[in-house]
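Bear in mind that the values here come from a model prediction, so they are computed numbers and not experimental data.
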Amino acid sequence: MKRASELPEGTPVVAREFLHLGSRAAIDQALSRLTRRNRLLRVERGVYVRPVETRFGVRPPSVSKAVEALAFLKGEKLAPHGAASANALGLTTQIPVRTVYLTSGRSRRLRLGAQELELRHVPSWQLALAHRPAGQVIRALAWLGPEEGPTRLPSLGRALSPSDLQELASMRGQIPSWMARPGECLPPWRRAPNKN
């Protein structure tokens, strides 16, 4: 608990970090006891997080902080789901009910207290520009699909900055052909500006 209390919110506490203190079975038993006493929350096998104590009581750590820290620990790329991206861009008014993240790692479900979240394996092009507006557009289009995606984009060109549009244009060779086709999902502004 001393080690866990020194870590920033959402940082994973991993069983293998404590193998210098005893056998794996003993470490697992100690972490399990701490989980039963609500001192730690089990996220997945061998991975725990410390709950956050506030003046209003104890709560799980921020989902985004915990998931980002776990992805960093495992060397995975991570990005918000396309439904969340489409909502943030104003392409849909639907608010995702479940918390889903896209990952380069394996698909799996995690728990943070009472909340369950899903990590879903996707191709690398969906994780490109993970925390950039252009990446958000790519994930939103992937979620909307080839039928609905092009119909939702009339105002998107005005909402993105020239540098965002340039980043989006740079992805043309990595995204599916239905997204890259002129006039389909990437409107005419996707072309690089003429330097003459």
Side-chain angles (χ1 to χ4, degrees), residues 9-10 43 59-195:
E9 178 180 343
V43 178
R59 66 166 176 80
S62 154
V63 170
S64 61
K65 286 181 181 178
V67 170
E68 289 282 344
L70 184 62
F72 180 78
L73 174 77
K74 296 195 176 238
E76 297 175 12
K77 287 186 177 179
L78 191 75
H81 188 265
S85 296
N87 181 270
L89 290 167
L91 298 177
T92 181
T93 55
Q94 292 179 355
I95 298 171
V97 177
R98 292 176 41 219
T99 305
V100 180
Y101 285 88
L102 307 179
T103 181
S104 60
R106 64 183 174 80
S107 295
R108 60 204 188 270
R109 293 184 188 276
L110 308 174
R111 290 200 75 77
L112 273 178
Q115 186 172 6
E116 184 176 87
L117 51 136
E118 181 182 352
L119 298 183
R120 192 175 294 166
H121 177 80
V122 293
S124 60
W125 63 266
Q126 286 193 44
L127 298 167
L129 308 171
H131 300 290
R132 309 277 304 146
Q136 216 173 20
V137 170
I138 290 168
R139 284 182 296 284
L141 291 174
W143 177 73
L144 289 167
E147 304 298 323
E148 199 174 344
T151 67
R152 301 282 183 104
L153 294 176
S155 63
L156 194 56
R158 293 186 299 276
L160 296 174
S161 73
S163 64
D164 293 335
L165 296 177
Q166 196 63 30
E167 273 188 325
L168 194 55
S170 74
M171 291 299 298
R172 186 173 125 190
Q174 297 176 45
I175 59 178
S177 59
W178 67 267
M179 278 189 202
R181 244 179 269 131
E184 290 290 321
C185 281
L186 298 187
W189 43 253
R190 69 171 177 74
R191 297 189 190 101
N194 191 343
K195 293 185 179 178

For a quick check under 3.5 Å, do H81 and R139 share a side-chain donor-acceptor pair by atom type? no
CZ on R109 to CG on L117, rounded to 0.5 Å: 9.5 Å
For A130 and A79, which heavy atoms make the closest approach, and how far apart are they? CB-CB, 4.2 Å
Kindly give the heavy-atom pair with the smallest separation between G82 and L102, and that separation in Å. N-CD1, 4.3 Å
Minimum side-chain heavy-atom gap V122-T103 below 4.5 Å: no
Would you give the length of the straight line joining atom CG of L168 to atom CG of L141, rounded to the nearest 0.5 angstrom? 7.5 Å
Short side-chain donor-acceptor distance under 3.5 Å, E9 and S62: no
Contacts of type side chain to side chain contact (heavy atoms under 4.5 Å, CB included), residue A71, not counting sequence neighbours: E76, L78
Nearest 0.5 Å, what's the CD-OG distance between Q166 and S161? 10.0 Å
Check the surroundings of atom NZ in K77: do more than 12 heavy atoms from other residues, nucleotides or ligands lie under 6.0 Å from it? no
Stepwise, does the side chain to side chain contact (heavy atoms under 4.5 Å, CB included) test hold for R111 with V43? CA-CA 5 Å; R111 290 200 75 77; V43 178; over 6 Å; no
Quick one: does I138's side chain get under 4.5 Å of M171's, heavy atoms only? yes
May I ask you to test the E116-L110 pair for a side-chain heavy-atom distance under 4.5 Å? no
How close do R108 and G105 get, heavy atom to heavy atom, and via which atoms? NH1-C, 4.4 Å
The reported gap from CD in E118 to OG1 in T99 (rounded to nearest 0.5 angstrom) is 10.0 Å
Is there a side-chain contact between S107 and L119 (heavy atoms, below 4.5 Å)? no
Supply the atom-to-atom distance R59 CZ to L112 CG, rounded to the nearest 0.5 angstrom. 11.0 Å
So, taking the atom named CD1 in I175 and the one named CD in Q126, what distance separates them when rounded to the nearest 0.5 Å? 11.0 Å
Which heavy atom of T92 sits nearest a heavy atom of A83, and at what distance? CG2-O, 4.4 Å
Determine the minimum heavy-atom distance between G10 and A69, stating which atoms define it. O-CB, 3.5 Å
